[in-house]
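This report refers to the structure that appears directly beneath it.
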There are 2 protein chains.
Amino acid sequence: MSLDKKIQISDAEWEVMKVVWELKRPTSGEIISCLNSNGFDWSPKTIRTMITRLVKKNEIKCKEEDGLLRYSSIKEKDRLIKDAGKRFLKKIFDGGTSNLLLHFVNNTDLSNAEIEELQKSLDQKRDEQKK
Amino acid sequence: MSLDKKIQISDAEWEVMKVVWELKRPTSGEIISCLNSNGFDWSPKTIRTMITRLVKKNEIKCKEEDGLLRYSSIKEKDRLIKDAGKRFLKKIFDGGTSNLLLHFVNNTDLSNAEIEELQKSLDQKRDEQKK
DNA sequence: TATATATGACTACAGATGTAGTCTTGTGTC
DNA sequence: GACACAAGACTACATCTGTAGTCATATATA
C-alpha cells in the first residue's frame, strides 16, 4: 500500500470542473464569466491555463463550434466525486466510513429535514442489507 | 470568495501526521519504521524530508531527548480533521453537508451496528436542536 | 479599412511536493 | 580504536500547480 500517485484534479481545477458540469458545454469565456461571478477573482489567463491543463489531463474534452471551443467533462460528475470521496476517506479516516459520517454529523449544522432524509436513507440501507 | 491559499498538509504528510499522533512523541526512526510497516515503501530520506517540512510548516515541533529528536503535533488531531473536512466539503459539495453525508451513505458499505450508531447520533442531534 | 477585443496556443516563473543524495556527528559494536 | 549505522542539516532535481505574459488569429464595431 502506498499513496495513489495518479495526477489529481487540483482544488482550483475542481472549481473549473464544477462550472463545466453546470453550464453544459461552455466556452472558455462562459467559464471565465461564471467563475468570476462566483467570486473567484482569477485572471482570464489563469482560468484558460487551468482549462488547457484539464484537457491535457484528459479530464475534459473540447469540440469546435462556430470558431469557438466548447468544453465538456470526459467522466461523469458522480464518478469524480466518488473517487475524490474515496481518497479523502482513506487519507483522513483510514477508510473508516462511519468515522467520517459521525465526524460530519457531530461537527456541522443539519436541518431537521436533512436529518430526516438521512434517517430515511439509513433505514433504506439497513433494509436492503437485510435481504 | 476564492480558494484558501494557506499551505496545506500534503497527502504524504498526512500519513506522517497520523503516525505522529499514534505513536506519541516518536523519533524519526520510529516514524520511518511505522510507515514502512504500514506499507509505505518510502526511503528514510524521503520520510525525514517530510518530517523536516512539517516542522517548517509549523505543524509539528520537536524536542531533543537523549541526543534524539522527538516529534509531536502542534495542533490537536481533531482540529486538523475538522479543517480538512471543511475544505473537502467546500471543494466537492459546495459546503452542503447533507449532500456529502447522503453520498457516503449511498456509496459505501456500512454495518448494521454502524447504521444504528449513526441513527443514534442523528437522533441526538435532532433532540439538541429542539431545545 | 482600422481598431478593439476575445480566443487559443505557447511560454515562463515561483512555490509546493515527492524523491532522494551528501556530509557531519554521535552512538553502538567488535 | 576502527567500523557501521542512524540521525539531522543541508542540498538538489523533477513534476505539479497557481499566476500570469506574449503572440497570432478571428470576429465585431465604428
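By convention in this document, chain letters (A, B, ...) are assigned in the order of the sequence lines, proteins followed by strands, and residues within each chain are numbered from 1.
- Both B:Lys45 and B:Gly67 lie near DNA chain C, and the one whose nearest nucleotide falls closer to the 5' end is B:Lys45.
- The side chain of B:Trp42 contributes no N or O atom lying less than 4.0 Å from OP1 or OP2 of C:dG18.
- B:Ser28 places none of its side-chain heavy atoms less than 4.5 Å from the side chain of B:Ile47.
- Following rounding to the nearest Å, B:Met50 (CE) and D:dG8 (P) show an atom-to-atom distance of 15 Å.
- Taking only side-chain nitrogens and oxygens, B:Lys5 never comes nearer than 4.0 Å to OP1 or OP2 of D:dT17.
- A:Arg53 CZ to A:Thr49 OG1: the interatomic distance, rounded to the nearest 0.5 Å, is 6.0 Å.
- Summarising the geometry, the separation between NZ on A:Lys57 and P on D:dT15 is reported as 15 Å, rounded to the nearest angstrom.
- Taking the side chain of A:Asp11 as heavy atoms from C-beta on, and the options D:dA20, D:dG18, C:dG8, the nearest nucleotide is D:dG18.
- The nearest whole Å value for the distance from the CD atom in A:Gln8 to the P atom in D:dC16 is 12 Å.
- Between A:Lys6 atom NZ and D:dT17 atom C1' the separation is 18 Å, expressed in whole Å.
- Judged by distance alone, with hydrogens and angles left aside, the side-chain atoms of A:Glu22 form no donor-acceptor pair with the main-chain N or O of A:Val20 at under 3.5 Å.
- Judged purely by distance below 3.5 Å, without hydrogens or angles, the side chains of B:Gln119 and A:Asp123 pair a donor atom with an acceptor atom.
- Side-chain N/O atoms of A:Ser10 include one lying less than 4.0 angstrom from OP1 or OP2 on D:dG18.
- Atom OG of B:Ser98 sits about 10.0 Å away from atom CZ of B:Phe93, to the nearest 0.5 Å.
- For A:Thr49 against D:dA20, a side-chain N or O and a base N or O form a donor-acceptor pair under 3.5 Å.
- Atom CD1 in B:Ile32 sits about 15 Å away from atom C1' in C:dG18, given to the nearest Å.
- Residue B:Ser28 has a polar side-chain atom (N or O) positioned under 4.0 Å from OP1 or OP2 of D:dG8.
- Which of C:dG18, C:dA20, C:dT7 sits closest to the side chain of B:Ala12 comes down to C:dG18.
- Here C:dA6 presents its P atom at 9 Å from CZ of A:Arg48, a figure rounded to the nearest Å.
- Between the CG atom of B:Asp4 and the P atom of D:dT17 there is a distance of 17 Å, given to the nearest Å.
- Where A:Ile7 and A:Asp66 each meet DNA chain D at their nearest nucleotide, the meeting point lying more 5' is that of A:Ile7.
- The CD1 atom of A:Ile51 sits 15 Å away from the C1' atom of D:dG18 (whole-angstrom rounding).
- Comparing B:Thr27 and B:Arg53 along DNA chain D, the residue whose closest nucleotide (by nearest heavy atom) sits nearer the 5' end is B:Thr27.
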